[in-house]
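Numbers restart at 1 for each chain; the letters A, B, ... are given by sequence-line order, proteins then strands.
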Amino acid sequence: MTNQISKEDFFQRVYKIVSQIPYGKVTTYGAIANALGIKSSAIMVGWALNAAKNRSDLPCHRVVNRNGLLTGKKHFPTPTIMRELLEQEGINFIDEMVDLKRHFWKPEIR
DNA sequence: CGGGTGACTTTAC
DNA sequence: CGTAAAGCCACCC
């Protein structure tokens with residue numbers, strides 16, 4: 001099909017999707033990867049986010065792993081920021097995990 | 001071109 | 001709950 005993803009497009013799409021995550025919602029690496037058509041490479045989403053963190057407009061704290069665990073917090077300036085921000089947005093935590101049942105947001109496929 | 005790394009996921013033990 | 005391995009693919013050296 002016409003869905004060829006160049007690596008540059010891949011980064012753009014990740015930025016786009018993450019920036020579209022609504023307030024009080026979270027999504028997962030796998031979900032984003034799936035939306036991009038690379039579902040077996042969720043790790044690449046994380047890699048894109050790593051580059052994306054240079055872009056301050058990106059709410060990377062709303063992206064968590066499949067369990068809702070804040071695996072990315074280690075890459076934040078302070079590991080507490082991610083948890084704090086999410087809690088401020090009204091996101092419910094179960095121990096260290098986000099309640100994906102309530103706050104999971106499905107990214108759009110474009 | 002090859003090897004190491006990684007903000008993932010799943011299966012296996 | 002713990003570690004290990006494999007699959008995945010971009011980036012760096």
Checklist line | Proximity to DNA chain B (any heavy atom under 4.0 Å), residues of residues 94-108 of chain A only | finding: none
Check: Quick one: does A:Ser41's side chain have a donor or acceptor within less than 3.5 Å of a partner on A:Met44's backbone?
Finding: no
Next item on the list: For A:Gly24 and A:His103, work out which heavy atoms get closest and say how close.
Entry: O-ND1, 3.4 Å
Notebook entry, point to check: Taking the six-membered ring of A:Tyr29, is the NZ or CZ of A:Arg66 close enough (under 6.0 Å from the centre) and on axis enough (within 45°)?
Noted result: no
Notebook entry, point to check: Can you tell me if A:Asp99 uses its side chain to pair, donor with acceptor, with the backbone of A:Lys101 under 3.5 Å?
Noted result: yes
Check: Are A:Lys25 and A:Glu89 close enough for a salt bridge, meaning some N to O gap below 4.0 Å?
Finding: no
Next item on the list: Mark up nucleotides 5-10 of chain B, 5' to 3', with B wherever a protein heavy atom is under 4.0 angstrom from a base atom, S wherever such an atom reaches only the sugar-phosphate, and - elsewhere.
Entry: -BBBSS
Item checked: A:Leu36 CG - C:dA10 P separation (whole Å) -> 12 Å
Check: Among A:Leu58, A:Thr27, A:Asp57, A:Val45, whose side-chain contact (heavy atoms from CB on, under 4.5 Å) with A:Val18 holds?
Finding: A:Leu58
Note to self: Which residue is it: A:Asn67, A:Ile91, A:Asn92? I am looking for the one with a side-chain contact (heavy atoms from CB on, under 4.5 Å) to A:Val98.
What the structure shows: A:Ile91
Checklist line | Lys/Arg-Asp/Glu bridge criterion (N-O < 4.0 Å) met for A:Lys73, A:Glu96 | finding: yes
Notebook entry, point to check: CZ of A:Arg13 versus P of C:dC9: gap in Å, rounded?
Noted result: 16 Å
